[in-house]
Amino acid sequence: MATDATTPSSALDTKAGSVVALWRYPVKSMMGEELNSSEITDRGLLGDRQFAVVDRATGKVGGAKNPRKWGNFFDYRASYVEPPKSGEKISSVRITLPDGGVLTNDRDDLEQALSRAFGRDVEFVEAGGGQRISGLAEEYWPDMEGLDHRDTVTDFEMPTGTFFDTAVVHLVTTSTIDRLRALYPPGRFEARRFRPNIVVSTGSADAGFVENDWIGRTVEIGDTVRLAITELCPRCVMITLPQGDLPKDSGILRTAAQHNGVNVGVYASVISGGIIRRGDPVVLA
């Protein structure tokens, strides 16, 4: 942001809130792990969306966006055996299956076990691992007013060499969650439904979809992390699926469609990395 010669840039900064939760998802579309702190690199939270399940028949990445094909990906949970460290080989991933069985990706029978669980022949692939995959994934669009498509499946392409849908960091504020709750009281609106990396707790005076106004601005977190807020985050059928104790509820997506153009939260790219922690201040520069 440009400033004149008499106005210090800090005078134009705005305290947006603080980090109240951090989430990393080692395997695309599976449940992830809540963190107290994380390193931010140019690929977002270190180890985020590092792995994916790929359909051998099509080369497409499997995921919760097409539950008619894959079932509920949220019945699977992934976490790292050891926290990832920058500059080191990524540690093994522990995957908990719907039946309670536990696998790690250093087992020779991992792909066979996952193929049995998903009911189709799959590969377990690491981002940038050299495997030839299409870079495509599928998305089912329910028959709901306000969506770009209705009752159909479309393909979308992920950024080259990654398993991100669009951008490497996703933020949502408590103001947005509170606003959705007010609009649809029967709904169980919790941040984990929306699979953010960073949840920002905003002040009591903030109301509504406050992060909508962050597009084009820079968010500063802690001492060194700077994120460029690039676009709104459009939602899909994923947020309606059961997740742990959260029930299936199409009203979650319908509320976002009716009141915020199907958007919940914002996407960001990384300007500068570093360590972020729960409780860190979040400033709009």
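For the numbers below, each heavy atom of this structure counts, side chains included, while hydrogens, waters and symmetry mates do not.
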Asker: Could you grab the distance from atom CD1 of Ile229 to atom OG1 of Thr218, nearest 0.5 Å is fine?
Answerer: 8.0 Å
Asker: Below 4.5 Å, heavy atoms only, C-beta onward: do Phe209 and Val264 meet side chain to side chain?
Answerer: no
Asker: Could you tell me whether a side-chain N or O of Ser201 sits under 3.5 Å from a main-chain N or O of Ser18, the two making a donor and an acceptor?
Answerer: no
Asker: Taking the side chain from Ser91 and the backbone from Pro83, do they hold a donor-acceptor pair closer than 3.5 Å?
Answerer: no
Asker: In chain order, what residues pass the side chain to side chain donor-acceptor pair (under 3.5 Å) check against Asp99, with sequence neighbours excluded?
Answerer: none
Asker: Hey, are the side chains of Leu171 and Leu227 touching, using non-hydrogen atoms and a 4.5 Å cut-off?
Answerer: yes
Asker: Evaluate the criterion side chain to side chain contact (heavy atoms under 4.5 Å, CB included) for residue pair Thr176 and Phe194; output intermediate values, then yes/no.
Answerer: CA-CA 11 Å; Thr176 283; Phe194 304 97; over 6 Å; no
Asker: Please check if Leu183 and Leu253 belong to a single hydrophobic cluster, counting links between Ile, Leu, Val, Met, Phe, Trp and Tyr side chain heavy atoms closer than 4.5 Å.
Answerer: yes
Asker: Test Leu97 against Ile95 for side chain to side chain contact (heavy atoms under 4.5 Å, CB included), laying out the working first.
Answerer: CA-CA 6 Å; Leu97 303 177; Ile95 298 172; 4.2 Å; yes
Asker: Mark yes or no for whether Glu123, through its side chain, and Arg56, through its backbone, hold a donor-acceptor pair below 3.5 Å.
Answerer: no
Asker: Using a 4.5 Å cut-off on heavy atoms from C-beta on, say whether the side chain of Arg49 contacts that of Asn197.
Answerer: yes
Asker: Taking all heavy atoms of Val199 and all of Ala191, pick out the closest pair and write down the distance.
Answerer: CG2-CB, 3.8 Å
Asker: Using a strict threshold of under 4.0 Å (side-chain N to carboxylate O), is an ion pair present between Asp143 and Arg150?
Answerer: yes
Asker: State whether the number of non-hydrogen atoms from other residues, nucleotides or ligands found under 6.0 Å of Glu88 atom CD is greater than 12.
Answerer: yes
Asker: Against Phe74, only a single residue in Met31, Arg193, Met30 fulfils side-chain contact (heavy atoms from CB on, under 4.5 Å); can you say which?
Answerer: Met31
Asker: Would you say the side-chain atoms of Asn212 and Asn260 include a donor-acceptor pair closer than 3.5 Å?
Answerer: yes
Asker: Would you say Val266 ends up clustered with Ile40 if hydrophobic residues are merged whenever their side chains have heavy atoms under 4.5 Å apart, either directly or through other cluster members?
Answerer: yes
Asker: Could you report the tightest heavy-atom contact between Ala167 and Ala268, atom names first, then the distance?
Answerer: CB-O, 3.7 Å
Asker: Does the side chain of Pro67 come within less than 4.5 Å of Leu241's, by heavy atoms?
Answerer: yes
Asker: Any sub-3.5 Å donor-acceptor pair from Thr230's side-chain atoms to Tyr267's backbone N or O?
Answerer: yes
Asker: For Asp151, is the CG atom crowded, meaning more than 12 foreign heavy atoms sit under 6.0 Å from it?
Answerer: yes
Asker: Examine Ile221 and Trp23 and state if one hydrophobic cluster contains both, with Ile, Leu, Val, Met, Phe, Trp and Tyr joined whenever side-chain heavy atoms are less than 4.5 Å apart.
Answerer: no
Asker: How close do Lys248 and Pro242 get, counting heavy atoms only, and between which atoms?
Answerer: CB-CD, 3.7 Å
Asker: Would Thr174 and Val200 count as a side chain to side chain contact (heavy atoms under 4.5 Å, CB included) if you check the C-alpha gap in whole Å, the side-chain angles of each, and the deciding distance to 0.1 Å?
Answerer: CA-CA 6 Å; Thr174 55; Val200 178; over 6 Å; no
Asker: So, taking the atom named CG in Asp121 and the one named CD in Gln112, what distance separates them when rounded to the nearest 0.5 Å?
Answerer: 9.0 Å
Asker: Going from CD on Glu220 to CD1 on Ile271, what distance comes out if it is rounded to the nearest 0.5 angstrom?
Answerer: 9.0 Å
Asker: Just by distance, do the side chain of Asp48 and the backbone of Tyr25 share a donor-acceptor pair under 3.5 Å?
Answerer: yes
Asker: Can any side-chain N or O of Asp249 pair as donor or acceptor with the backbone N or O of Pro247 at less than 3.5 Å?
Answerer: no
Asker: Of all the heavy-atom pairs spanning Gly47 and Arg24, show the shortest one and how long it is.
Answerer: C-CD, 3.8 Å
Asker: For the backbone of Ile198 and the side chain of His170, can you confirm whether one donor and one acceptor N or O come within less than 3.5 Å of each other?
Answerer: no
Asker: Provide the closest heavy-atom pair for Val225 versus Gly273 in the form atom of the first, atom of the second, distance.
Answerer: CG2-C, 3.8 Å
Asker: Suppose we call two aromatic rings close when their centres sit under 6.0 Å apart. Are Phe163 and Phe51 close by that rule?
Answerer: no
Asker: Hey, does Pro84 have a side-chain heavy atom less than 4.5 Å from the side chain of Glu39?
Answerer: no
Asker: Do you reckon Leu180 sits in the same ILVMFWY cluster as Ile239, going by side-chain contacts under 4.5 Å, direct or chained?
Answerer: yes
Asker: Taking Glu33 for its side chain and Ser79 for its backbone only, find out whether a donor-acceptor pair lies under 3.5 Å.
Answerer: no
Asker: Within the 4.5 Å heavy-atom criterion, are Gln50 and Pro26 side-chain neighbours or not?
Answerer: no
Asker: Please list all pairs passing the side chain to side chain donor-acceptor pair (under 3.5 Å) test where one or both residues lie in residues 63-78, with sequence neighbours left out.
Answerer: Asp55-Lys69, Lys65-Asp165, Asn66-Glu138, Arg68-Tyr140, Lys69-Glu138
Asker: Consider only side-chain heavy atoms of I, L, V, M, F, W and Y, link residues closer than 4.5 Å, and tell whether Val125 and Phe156 are in one cluster.
Answerer: yes
Asker: Does a side chain donor of either Glu231 or Thr166 reach within less than 3.5 Å of an acceptor in the other side chain?
Answerer: no
Asker: Atom CG in Leu35, atom OH in Tyr80: separation rounded to 0.5 Å?
Answerer: 10.5 Å
Asker: Quick check against the 3.5 Å criterion: does Arg278 have a side-chain atom that pairs as donor or acceptor with the backbone of Leu22?
Answerer: no
Asker: Test side chain to side chain contact (heavy atoms under 4.5 Å, CB included) on Arg217 and Thr14 and set out the steps.
Answerer: CA-CA 11 Å; Arg217 300 187 68 179; Thr14 303; 4.1 Å; yes
Asker: To the nearest 0.5 Å, what is the distance between CG on Asp108 and CG on Asn105?
Answerer: 11.5 Å
Asker: Over all heavy atoms of both residues, which pair between Tyr184 and Ile252 is shortest? Give the atoms and the distance, please.
Answerer: CE2-N, 4.0 Å
Asker: Measure the CE-CG distance between Met158 and Leu136 for me, rounded to the nearest 0.5 Å.
Answerer: 7.0 Å
Asker: A side-chain contact here means heavy atoms from C-beta on lying under 4.5 Å apart; do Asn263 and Pro234 qualify?
Answerer: yes
Asker: For a 4.5 angstrom cut-off between non-hydrogen side-chain atoms, does Val19 reach Ile276?
Answerer: no
Asker: Charged N to carboxylate O under 4.0 angstrom, Asp245 versus Arg192?
Answerer: yes
Asker: Between Ser272 and Thr224, is there a donor-acceptor pair closer than 3.5 Å when you use the side chain of the first and the backbone of the second?
Answerer: yes
